[in-house]
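All residue numbers refer to positions in the sequence shown, counting from 1. Note that the structure is predicted; figures quoted are calculated from it, not measured.
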Amino acid sequence: MSIELIKEYIDPQLFIIIPMIWGIGMALSRSRIKRDFIPIILLICSCLVVILHLISTKMIFDSKCVAACLFAGVTQGSVIWLFAWTTYEKFLKEKKD
């Protein structure tokens with residue numbers, strides 16, 4: 001899957017989360033946390049930030065709105081995490097070459 005294709009699925013307002021995920025990932029890689037857990041932590045952080053954004057910008061009237069915000073938050077958060085991960089991996093490859 002190409003990076004450009006992934007980019008089409010991200011809400012433009014949420015692109016600011018990508019550098020935040022990079023920064024959190026770099027901080028976690030220097031901590032005592034095992035490297036196996038870092039992608040999971042970053043995915044959870046990404047989803048939580050998107051859910052907070054959606055809750056702060058949408059009018060929530062009933063349980064359907066809550067479910068829609070949670071679904072959109074998890075899907076957008078996952079796509080943002082995937083984009084951040086693939087672009088960071090590409091950056092590391094280019095840096096080595």
Side-chain angles (χ1 to χ4, degrees):
M1 180 175 274
S2 74
I3 294 173
E4 293 302 317
L5 182 64
I6 297 169
K7 190 176 178 180
E8 290 180 23
Y9 291 103
I10 298 175
D11 184 4
Q13 295 176 336
L14 301 175
F15 273 105
I16 192 67
I17 298 172
I18 294 168
M20 181 193 79
I21 294 297
W22 290 343
I24 293 171
M26 285 186 236
L28 289 174
S29 67
R30 294 184 180 127
S31 70
R32 294 183 179 177
I33 296 174
K34 289 178 67 174
R35 288 198 174 274
D36 297 338
F37 296 120
I38 292 175
I40 296 167
I41 293 169
L42 294 177
L43 177 62
I44 291 169
C45 288
S46 178
C47 291
L48 287 176
V49 170
V50 173
I51 289 170
L52 287 173
H53 169 75
L54 291 173
I55 288 173
S56 69
T57 58
K58 305 286 184 198
M59 295 296 234
I60 299 178
F61 297 110
D62 58 1
S63 60
K64 287 183 181 181
C65 293
V66 171
C69 278
L70 289 175
F71 176 76
V74 170
T75 54
Q76 280 287 301
S78 299
V79 171
I80 288 170
W81 170 80
L82 180 63
F83 186 80
W85 179 62
T86 54
T87 54
Y88 187 70
E89 290 290 318
K90 184 178 177 185
F91 169 75
L92 289 179
K93 278 185 181 179
E94 289 175 359
K95 190 176 178 182
K96 286 182 181 179
D97 293 338

In this structure, would [X] and [Y] fall into the same cluster of hydrophobic residues linked by side-chain contacts under 4.5 Å?
| X | Y | value |
| --- | --- | --- |
| Val66 | Leu52 | no |
| Val49 | Leu14 | yes |
| Leu82 | Leu28 | yes |
| Leu48 | Ile33 | no |
| Ile16 | Ile80 | yes |

- Over 60° means perpendicular and under 30° means parallel, so classify the ring planes of Tyr88 and Trp22, tilted if in between.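 Ring orientation of Trp22 relative to Tyr88: tilted.
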- Query: Heavy-atom count around Phe71 CZ within 6.0 Å, excluding the residue itself: above 12?
  - Reply: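 Atom CZ in Phe71 is not crowded, with 12 or fewer foreign heavy atoms closer than 6.0 Å.
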Shortest non-hydrogen contact from [X] toward [Y]:
| X | Y | value |
| --- | --- | --- |
| Arg35 | Ser29 | NH1-CB, 3.8 Å |
| Ala72 | Val50 | O-CG1, 4.2 Å |
| Asp11 | Gln76 | N-OE1, 3.0 Å |
| Trp81 | Ser46 | N-OG, 3.8 Å |
| Cys69 | Leu54 | O-CD1, 3.5 Å |

- Message: Before you tell me yes or no, could you show the steps for Met20 and Ile24 under side chain to side chain contact (heavy atoms under 4.5 Å, CB included), namely the whole-Å CA-CA distance, both residues' side-chain angles and the distance that decides it to 0.1 Å?
- Response: CA-CA 6 Å; Met20 181 193 79; Ile24 293 171; 4.0 Å; yes
- Using the side-chain hydrogen bond (donor to acceptor under 3.5 Å, both in side chains) rule, collect all pairs that involve residues 48-73, keeping only residues at least two apart or in two chains. Gln13-His53
Expected list for residues 37-45: side-chain donor-acceptor pairs under 3.5 angstrom, two or more places apart:
none

- Under the side chain to side chain donor-acceptor pair (under 3.5 Å) rule, collect the residues that match up with Glu8, sequence neighbours excluded. none
